[in-house]
Amino acid sequence: MSVISQMVSVPADRVTLAGEFVVPASSRATAVLAHGLHASSQDPHVRSVADELHKAGFGTLAVDLFSETEGRRIERIEGQPVDLAMLGRRLVAAVDWVTIQPDARGLPLLLCGSGAEAAVALLAAADLPERVCAVVSCDGQPALAGDALERVRVPVLFVVDDREPQSLVAHQAAARRLAGPHAVREVPGLTRRFAEPGVLQRTADVIRQWCDEVLRNG
């Protein structure tokens, strides 16, 4: 598989964000993977997620939402509130960057996140209804997006662990607030680190099948 792969710097709100931009030949869409609150874009499990998306025909930009200097500072004040609206603006800047890259120009674009980064993806999608085609949340915390949920008009996929009924109920409640179409899919054993054997592959299959439907209908 012919692949364009490069480490990149994304300008955003007076800081520079590190990322990895990978575009397999004949990519049919680009996924922007938001990271930084729970893991770096260079963590092995994060790269495994991106690899699965490449196999499914997606290009990826895995981007850290904090600069290197901020990342070190945030580790020292762990537990303090994080400005998710600011991170949403930075994710919008990452979308701006992707859309002018020759290898991704014109491709449909989706946002992906887990944990609080899923809420950041929803915040960005609320502001980009004409430029983002879909949002994928894996083991996310969508309620953190607050009132922005009611402005999200693009299709949203929530992937949740069917062994966590409270999480399922919370995702269903968030889904009902969306202004656009949505789906909730259950993957046994899902966590944001995809620790159990086979979970990552099953999750990737769910995402691929759902995205196929969204792209066909789009």
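It should be emphasised that the depicted structure is a prediction, and the values quoted were computed from it without experimental measurement.
Of the possible polar contacts, none joining the R153 side chain to the A179 backbone as a donor-acceptor pair under 3.5 Å is found. A donor-acceptor pair under 3.5 Å links the side-chain atoms of S27 to the main chain of P24, judged by distance alone. Side-chain N or O atoms of E70 include one that pairs as donor or acceptor with a backbone N or O of S67 at under 3.5 Å. A distance-only check finds no donor-acceptor pair linking the side chain of E164 to the backbone of V160 [under 3.5 Å]. No donor-acceptor pair under 3.5 Å is formed between the side chain of D103 and the backbone N or O of V23.
Minimum heavy-atom separation, C112 to A31: SG-CB, 4.1 Å. Considering every non-hydrogen atom in both A125 and L111, the closest pair reads N-CD1, 3.9 Å. The nearest pair of heavy atoms linking A126 to A148 is CB-O, 3.8 Å. Closest heavy-atom contact between A29 and L110: CB-CD2, 4.0 Å. Residues T60 and A50 come closest through the heavy atom pair OG1-CB, 4.1 Å. Of all non-hydrogen atoms in A118 and G140, the two that sit nearest each other are CB-CA, 3.8 Å.
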Review point. Could you go step by step and tell me if E52 and R208 meet the salt bridge (charged side-chain N to carboxylate O under 4.0 Å, His left out) rule?
Key: CA-CA 10 Å; E52 289 297 324; R208 176 185 55 78; over 6 Å; no
Point to revise | Working for side chain to side chain contact (heavy atoms under 4.5 Å, CB included), residues F158 and Q172 | key: CA-CA 9 Å; F158 297 109; Q172 290 170 336; over 6 Å; no
Review point. Side chain to side chain contact (heavy atoms under 4.5 Å, CB included) between L168 and D162: does it pass, once the steps are laid out?
Key: CA-CA 7 Å; L168 178 59; D162 67 352; over 6 Å; no
Exercise for review: For E117 and S114, run side-chain hydrogen bond (donor to acceptor under 3.5 Å, both in side chains): C-alpha distance rounded to whole Å, both residues' side-chain angles, the deciding distance at 0.1 Å, then the answer.
Suggested key: CA-CA 5 Å; E117 287 97 332; S114 60; 4.8 Å; no
Review point. Please walk me through it: do L61 and E20 pass side chain to side chain contact (heavy atoms under 4.5 Å, CB included)?
Key: CA-CA 6 Å; L61 171 65; E20 184 170 9; over 6 Å; no
Review point. What's the verdict on salt bridge (charged side-chain N to carboxylate O under 4.0 Å, His left out) for E150 and R176, showing C-alpha distance, side-chain angles and the deciding distance?
Key: CA-CA 9 Å; E150 294 159 12; R176 287 193 293 270; over 6 Å; no
Check your understanding: Taking it one step at a time, do R28 and D212 satisfy salt bridge (charged side-chain N to carboxylate O under 4.0 Å, His left out)?
Key -> CA-CA 10 Å; R28 54 208 176 94; D212 283 346; 2.5 Å; yes
Point to revise | I207 vs C138, side chain to side chain contact (heavy atoms under 4.5 Å, CB included): CA-CA, chis, key distance, verdict | key: CA-CA 9 Å; I207 294 171; C138 289; 3.9 Å; yes
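A 4.5 Å side-chain heavy-atom check between R177 and D147 finds at least one atom pair inside the cut-off. Proximity of V82 to L37: side-chain heavy atoms (C-beta onward) are separated by under 4.5 Å at one or more points. With contacts defined as side-chain heavy-atom distances shorter than 4.5 Å, the pair V135/L157 does not qualify. Counting heavy atoms from C-beta outward, M86 and D13 have side chains that approach closer than 4.5 Å. Contact of the P108 side chain with the L215 side chain is registered, since non-hydrogen atoms from C-beta on lie closer than 4.5 Å. The closest side-chain heavy-atom distance from L33 to F58 is not below 4.5 Å. Side-chain contact between D96 and V92 is present, with at least one heavy-atom pair separated by less than 4.5 Å. Counting only heavy atoms from C-beta outward, the side chains of V22 and D51 never approach each other to under 4.5 Å.
Salt bridge status for D127 with R151: present, with a side-chain N to carboxylate O gap under 4.0 Å.
Looking at V10, L17, V63 one by one, the single match for side chain to side chain contact (heavy atoms under 4.5 Å, CB included) with R90 turns out to be L17.
In this structure W210 satisfies the ring-ring contact (aromatic ring centres under 6.0 Å, His included) test with no other residue, sequence neighbours excluded.
A distance of 9.0 Å separates CG in L123 from CG in L144, rounded to the nearest 0.5 Å. Within the model, atoms OG1 of T16 and CG of D64 stand 12.5 Å from one another, a figure rounded to the nearest 0.5 Å. Rounded to the nearest 0.5 Å, atoms OG (S9) and CZ (F21) are 13.5 Å apart. To the nearest 0.5 Å, atom OG1 of residue T30 and atom CG of residue L107 are 4.5 Å apart. The CD atom of Q141 sits 9.0 Å away from atom CG of L84, with the distance rounded to the nearest 0.5 Å. Rounded to the nearest 0.5 angstrom, R89 CZ and D83 CG are separated by 6.0 Å.
Environment of CZ in R131: crowded, with over 12 heavy atoms of neighbouring residues, nucleotides or ligands closer than 6.0 Å.
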